[in-house]
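Data first, discussion second: the structure below is written as structure tokens.
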Amino acid sequence: MDSVQNLGASLGNYLRNTELKMKGLSVSTEHLFEANQDPFLLQRMQARSVEFDTIDKKVRHGYISKDDGARELGYEKAFKN
């Protein structure tokens with residue numbers, strides 16, 4: 001996506017700056033885009049939510065302990081004993 005934005009910015013810069021030069025102005029413009037966020041951020045967050053819900057169900061139904069659930073989520077301890 002960044003490459004598409006860069007191409008669009010380059011085209012826009014070229015067109016605007018050409019028109020400014022044709023009008024005899026000695027100024028130029030530059031269009032900047034903010035860097036894109038992780039394009040898969042939403043999918044990662046959804047997967048993490050499903051993972052959490054699955055582990056939470058296992059804990060609530062007694063299949064695993066809270067500590068085991070916390071370890072599955074990447075935490076060392078769910079709570080202090």
Discussion item. Taking transitive links into account, so neighbours of neighbours count too, which hydrophobic residues share a cluster with Leu20 at under 4.5 Å side-chain distance?
Written reply: Leu25, Val27

Discussion item. Please enumerate all residues that pass side chain to side chain donor-acceptor pair (under 3.5 Å) together with Asp68, with sequence neighbours excluded.
Written reply: Ser65, Arg71

Response to the item:
Residues passing the side-chain contact (heavy atoms from CB on, under 4.5 Å) test with Phe40, sequence neighbours excluded, are Asp38, Gln43, Arg44

Item to complete: Look up atom CG in Leu11 and atom NE2 in His31, then write down how far apart they are to the nearest 0.5 Å.
Response: 11.5 Å

Discussion item. What's the separation between atom CD in Gln46 and atom CG in Leu41, rounded to the nearest 0.5 Å?
Written reply: 10.0 Å

Worksheet item: What pairs with Lys21 under side-chain contact (heavy atoms from CB on, under 4.5 Å), at least two apart in sequence or on another chain?
Response: none

Practice prompt. With sequence neighbours left out, write down each residue that passes side-chain contact (heavy atoms from CB on, under 4.5 Å) with Leu73, or none if nothing qualifies.
Written response: Arg48, Glu51, Phe52, Ile55, Tyr75

Worksheet item: Backbone N or O of Val50 within a donor-acceptor pair of the Thr54 side chain at under 3.5 Å?
Response: yes

Practice prompt. Would you please name every residue forming a side-chain contact (heavy atoms from CB on, under 4.5 Å) with Ser26, sequence neighbours left out?
Written response: none

Item to complete: Only pairs at least two apart or in different chains count here, so list each salt bridge (charged side-chain N to carboxylate O under 4.0 Å, His left out) that has a residue in residues 3-19.
Response: Glu19-Lys23

Worksheet entry | Salt-bridge contact Asp53-Lys57 (side-chain N to carboxylate O under 4.0 Å) | no

Fill in: Asn17 CG to Thr29 OG1 distance, which is reported to the nearest 0.5 Å
4.0 Å

